[in-house]
Amino acid sequence: MNNSDKTRKGRAGLLLVASPRFKNLGEGTLHGTYGERKDIVVKDLIGNLDFLDIVFPGIVYEKEDAEKAMKEFYDRKVDFVIAEFLSWSEDFAWIRFLRDMPEIPMIFVNVAKDRMAFENTLEEDDFIEYLCSGTLVGSLEASGSIPRTGRRHVKVVMGSREEVNGKIRTFAAAARARAVLRQSIVGLLANYNEAMWSTYIDPYDVFTKLGPEIRFLPYSVYGDVIDNVGKGELKEYCDALTSRYKMMDDVAYDKFEASVRASIGLAKMAQDSDIDVMVFNDIDRAMFELVGLRAGFYHPWFNANTSVLVPEADMGAGLITYIMKLMSGKNVNFIEPFHIESDFGTFAGGHAGPNDHNDSDWQQNVVIARDVRFAKTSYKYAGAPFAWYRISPGLKTMAQLVECGGRYKLVATLVESLPGEHILATYSHTIFRPVVPVEKLFEEIIKVGTTQHFAVVDGDWLPQLRDLAGMMDFEYHEII
């Protein structure tokens with residue numbers, strides 16, 4: 001997918017419902033007719049949604065307006081719909097929209113004012129303002145039709161305009177990720193991982209329930225791509241890495257070049273096959289026999305293209321890594337928790353293989369080091385190096401996505417990554433302190449029944465993940 005399609009603004013259809021009975025009332029009054037006042041409200045409303053690409057077909061007064069809105073929303077492929085009653089209104093157009101609009105996430109809002117702009121309704125100008133202010137009665141009337149029509153994936157929010165817009169912003173991030181996911185492509189190189197069957201998910205379900213297509217990429221092609229990496233391109237990336245990171249003294253330069261060449265090969269395969277989520281089975285013996293190592297560097301192409309690379313053939317982990325990339329736009333790391341240290345309330349976590357070491361603020365956390373786990377094997381480039389990364393410190397969202405019985409479980413929590421030295425050879429890693437007691441965290445995760453792989457990203461993205469789970473029918477488990 002084009003990077004511009006993955007980094008675009010959220011695209012929202014704006015459905016604003018008003019009363020045809022009131023539309024022309026108030027002609028000649030100080031503040032104009034009901035319809036004129038609503039036009040002013042709409043202009044201000046849209047101006048405060050400048051963080052979105054808004055598709056607004058006009059205020060819905062009649063059923064023809066609702067039909068026009070549905071067509072424009074569908075043709076423009078909006079990520080979600082913002083629905084709001086601008087006052088009490090006849091609900092025939094609204095019910096038609098609920099009945100006929102193709103399934104899409106919707107956020108139904110009601111804005112409460114601090115106070116009314118009238119004291120009584122003795123004058124016609126004030127009476128029209130009273131009619132304009134009846135958003136609560138409109139929302140109450142409209143609410144009953146949501147469950148009665150069987151409409152799903154509707155989130156209801158209420159508050160000041162500022163509060164409502166904040167909730168729309170969060171919902172938009174989730175809806176945009178859902179929409180982009182439905183147009184993305186997962187590349188599996190080269191097969192499922194029989195070492196950990198619990199990570200398997202159904203490729204058919206991935207396409208029909210989540211959205212991405214899956215392309216199966218053979219190791220034979222990977223070998224050819226590696227062999228065709230040019231000397232100039234190899235030198236350029238080698239020089240970029242050695243100028244940025246310290247290389248340990250025991251790294252053999254020919255093995256470093258081999259690891260870099262294989263890393264370039266992964267990026268080239270992803271680029272050539274238009275892959276957004278590269279799922280790499282990096283512990284398959286066939287791969288080691290063909291290539292002689294596992295690639296050790298996270299090529300900058302992935303971040304430049306808002307794509308991700310994950311190891312161990314775990315498509316679920318690849319998808320949650322990609323989702324968090326789409327939502328945050330930040331560097332996302334792939335980990336498995338290793339062990340708990342109860343005395344400190346912490347756990348160690350990280351992962352072998354290529355991990356995103358490209359965070360520009362934390363380049364001092366990276367060392368080029370041997371992959372000691374495979375240093376004593378008989379493979380051609382045994383001990384070839386990798387980017388050994390102490391994952392950046394700070395508050396992070398940790399989440400995973402697994403399949404169970406045809407449904408998906410999304411587990412999410414907050415953890416603090418602690419600063420420190422490199423302590424676990426072969427693994428990009430850090431020490432985490434969760435926001436809940438560490439034993440409680442993993443007891444709850446094990447009760448849910450998941451697997452060992454998680455994505456971590458800077459910041460608190462729980463509200464966005466919560467909204468995404470709702471609009472994608474995930475079983476959601478938030479542990480905080």
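It should be emphasised that the depicted structure is a prediction, and the values quoted were computed from it without experimental measurement.
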Quiz question: by atom type and distance under 3.5 Å, do the side chains of N355 and S428 form a donor-acceptor pair? no
Is the side chain of S273 donor-acceptor paired with the backbone N or O of A270 at a distance under 3.5 Å, no angle test? no
Using modelled atom types only, decide if a donor and an acceptor are shared between the side chain of R176 and the backbone of L326 within a distance under 3.5 Å. yes
Under the criterion side chain to side chain contact (heavy atoms under 4.5 Å, CB included), I'd like the reasoning laid out for Y476 against L462: C-alpha separation, chi angles, the key distance, then a yes or no. CA-CA 11 Å; Y476 183 62; L462 296 182; 4.1 Å; yes
CD/Q364: more than 12 non-hydrogen atoms of other groups inside 6.0 Å: yes
Verify side chain to side chain donor-acceptor pair (under 3.5 Å) between T451 and T199, making sure each step is shown before the conclusion. CA-CA 7 Å; T451 185; T199 65; 5.9 Å; no
Check: V448 main-chain N/O paired with K409 side-chain donor or acceptor under 3.5 Å: yes
E236 atom CD, over 12 foreign heavy atoms within 6.0 Å: no
Any chance CZ of R151 has more than 12 other-residue heavy atoms, nucleotides or ligands included, within less than 6.0 Å? yes
Could you tell me whether a side-chain N or O of D282 sits under 3.5 Å from a main-chain N or O of E312, the two making a donor and an acceptor? yes
R8/D53 salt bridge by N-O under 4.0 Å criterion: no
Decide, yes or no, whether a salt bridge links E103 with R178 under the criterion of side-chain N to carboxylate O below 4.0 Å. no
For Y219 and F288, indicate whether the former's side chain and the latter's backbone hold a donor-acceptor pair under 3.5 Å. no
Ring-face cation contact, F51 with R169, 6.0 Å cut, 45° max: yes
Under the 3.5 angstrom rule, does the side chain of R244 hit a backbone N or O of N358 as a donor-acceptor pair? no
Ring center gap for H429 and F338 short of 6.0 angstrom: no
Taking S184 for its side chain and D276 for its backbone only, find out whether a donor-acceptor pair lies under 3.5 Å. no
Side chain to side chain contact (heavy atoms under 4.5 Å, CB included) between N333 and T430: does it pass, once the steps are laid out? CA-CA 11 Å; N333 289 112; T430 190; over 6 Å; no
Donor-acceptor side-chain pairing of E341 and H339 below 3.5 angstrom: no
Just by modelled atom types, is the Y298 backbone N or O under 3.5 Å from a matching donor or acceptor in the S263 side chain? no
Below 30° counts as parallel, above 60° as perpendicular, anything between as tilted: where do the rings of F442 and F347 land? perpendicular
Got a donor-acceptor contact below 3.5 angstrom from the W388 side chain to the V366 backbone? no
Suppose we call two aromatic rings close when their centres sit under 6.0 Å apart. Are Y237 and H299 close by that rule? yes
Backbone N/O of R11 and side chain of D79: donor-acceptor pair under 3.5 Å: yes
Salt bridge or not for E233 and K268, using N-O below 4.0 Å? yes
With sequence neighbours excluded, tell me which residues meet salt bridge (charged side-chain N to carboxylate O under 4.0 Å, His left out) with E444. K447
